[in-house]
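For reference, the structure discussed in these notes is given below.
Side chains included, hydrogens not; waters and symmetry mates left out as well; all remaining heavy atoms used. We count ligands from 1, going down the list as the structure has it; atoms in each ligand are counted the same way.
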Amino acid sequence: QSGEVAANPEQYDESYLCPVQVGQTTLNLDFDTGSADLWVFSTLTPKSESTGHSLYNPSTGTKKSGYTWDISYGDGSGASGTVYADKVVVGGVTATSQAVEAATSVSSQFEQDTDNDGLLGLAFSSINTVEPQAQKTFFDSVKGSLAKPLFTADLKKGAAGTYDFGYIDSSKYTGSISYVNVNTANGFWEFTASGYAVGSGSVSGSVGDAIADTGTTLMYLPTTVVQAYYNKVDSADYDSNQGGYTYDCSENLPNFLISLGGKTFTVSGTDINFAPVDSSGETCFGGIQENTGIGMSILGDIFLKSVFVVFDQTQSTPRLGFAAQ
Ligand SMILES: CCNC(=O)c1c(-c2ccccc2)csc1NC(=O)CNCCc1c[nH]c2ccccc12
């Protein structure tokens with residue numbers, strides 16, 4: 001089988017939500033290549049936490065008794081609950097007995113984001129949080145039945161993009177796809193990014209160890225790289241109150257060039273201009289921030305909306321393919 005599903009951006013492209021049939025209900029889920037749990041708001045979630053969300057009703061599923069899950073993310077958000085096996089359909093691709101993690105508790109950040117009815121993890125199943133036994137991601141559940149064991153991400157700035165499962169749609173990119181091998185040891189789509197440049201010119205240095213993460217909004221890079229970037233933005237400085245680099249919204253940001261698999265990709269300065277820090281619209285928060293304390297770089301949506309990405313498991317070593325959109 002194969003299929004295509006729309007990826008609809010929230011305000012400021014904070015995250016991208018896709019319609020997914022879970023049991024007999026269609027939910028808007030955040031497809032997340034940086035985690036491996038498919039968890040959803042459910043009729044088991046306290047009303048005080050689930051108002052405004054579409055809810056999965058576990059009555060259509062088969063309870064996996066004694067199974068629980070509990071996930072927490074680096075931004076301090078998280079959720080936990082119980083596990084059911086149920087039908088999940090994404091763009092016509094069906095997993096007949098997918099582990100669906102029904103939330104019995106969610107953190108305030110998820111509670112408040114009422115467009116988001118849960119996450120569909122697309123990292124490696126080795127980091128699924130279900131106890132006593134880790135469960136397969138949707139991709140792992142359907143991989144064997146896909147025309148090709150791969151999926152692609154084509155996210156866009158302020159417009160609907162797509163995730164495709166089982167095939168590469170060559171109309172969605174230009175030029176050739178350049179591939180890098182993936183190290184799955186940490187359960188992420190992790191690879192080594194090469195040189196970079198700020199503005200224009202030839203790349204140099206090395207961004208290093210990085211993950212392709214559709215579930216993280218921004219780009220988190222080594223301090224040296226981030227300082228080199230904001231040195232080219234006159235009004236920029238590190239604002240500890242905001243927890244990152246801010247600048248005057250009126251200032252034009254330089255492009256950021258990064259070399260992956262021998263090809264250089266350009267993230268436009270307009271894509272790096274993330275969002276105002278408050279309603280005055282004077283000060284803006286940058287889409288490139290430091291990866292301090294994370295242990296690797298994260299190429300999140302700010303980067304991914306500039307490229308077409310193939311998450312490829314056609315070979316014994318998984319690989320990532322990058323092409324210009
Ligand atoms: C900021 C979110 N990202 C992370 O915490 C993260 C980290 C990470 C680890 C330590 C400190 C900061 C970040 C490593 S991989 C990684 N990636 C993920 O965890 C991917 N899933 C994020 C899901 C997620 C967290 N908060 C949300 C709010 C809205 C929609 C989705 C989310």
Considering only protein heavy atoms, which is closest to [atom], and at what distance to one decimal place?
atom                    : value
atom 19 (O) of ligand 1 : Tyr73 CD2, 3.5 Å
atom 22 (C) of ligand 1 : Gly215 O, 3.4 Å
atom 26 (N) of ligand 1 : Asp75 OD2, 2.6 Å
atom 6 (C) of ligand 1  : Ile298 CD1, 3.9 Å
atom 29 (C) of ligand 1 : Phe110 CE2, 3.9 Å
atom 2 (C) of ligand 1  : Thr216 OG1, 3.5 Å

Just which atoms of ligand 1 are under 4.0 Å from any heavy atom in [X]?
X      : answer
Asp32  : 20 (C), 21 (N), 22 (C), 23 (C)
Ile211 : 15 (S)
Leu119 : 23 (C)
Ser77  : 25 (C), 26 (N)
Met296 : 14 (C), 15 (S)

Would you confirm whether the ring centroid of Phe139 sits within less than 6.0 angstrom of the ring centroid of Tyr163?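 For Tyr163 and Phe139, the ring centres are not under 6.0 Å apart.
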Polar-atom distance check: [X] versus ligand 1, any N or O pair below 3.5 Å?
X      : value
Asp113 : no
Tyr220 : no
Asp30  : no
Gln109 : no
Asp213 : yes
Gly74  : yes

Please state whether the rings of Phe322 and Phe303 are parallel, tilted or perpendicular, taking 30° and 60° as the class boundaries. perpendicular
Should the ring pair Tyr245 and Tyr230 be called parallel, tilted or perpendicular, given that the plane angle runs from 0 to 90° and is split at 30 and 60? parallel
Report the C-alpha distance between Tyr220 and Glu290 in whole Å, list the side-chain angles of each, state the deciding distance to 0.1 Å, and finish with yes or no for side-chain hydrogen bond (donor to acceptor under 3.5 Å, both in side chains). CA-CA 5 Å; Tyr220 295 90; Glu290 294 182 341; over 6 Å; no
Is a donor on one side and an acceptor on the other found under 3.5 Å between the side chain of [X] and the backbone of [Y]?
X      : Y      : value
Thr214 : Phe31  : yes
Ser35  : Ala123 : no
Thr25  : Tyr56  : no

Under 4.0 Å between a side-chain nitrogen and a carboxylate oxygen: does that hold for Lys305 and Asp13?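 Salt bridge: yes.
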Looking at Asp164 and Lys172, does any basic side-chain N land under 4.0 Å from a carboxylate oxygen?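 Yes.
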Side chains of Ser250 and Asp248: do they bring a donor and an acceptor to under 3.5 Å? no
At their closest point, which heavy atom of Val93 faces which heavy atom of Gln1, and how far apart are they?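 Heavy-atom minimum between the residues: CA-OE1, 3.5 Å.
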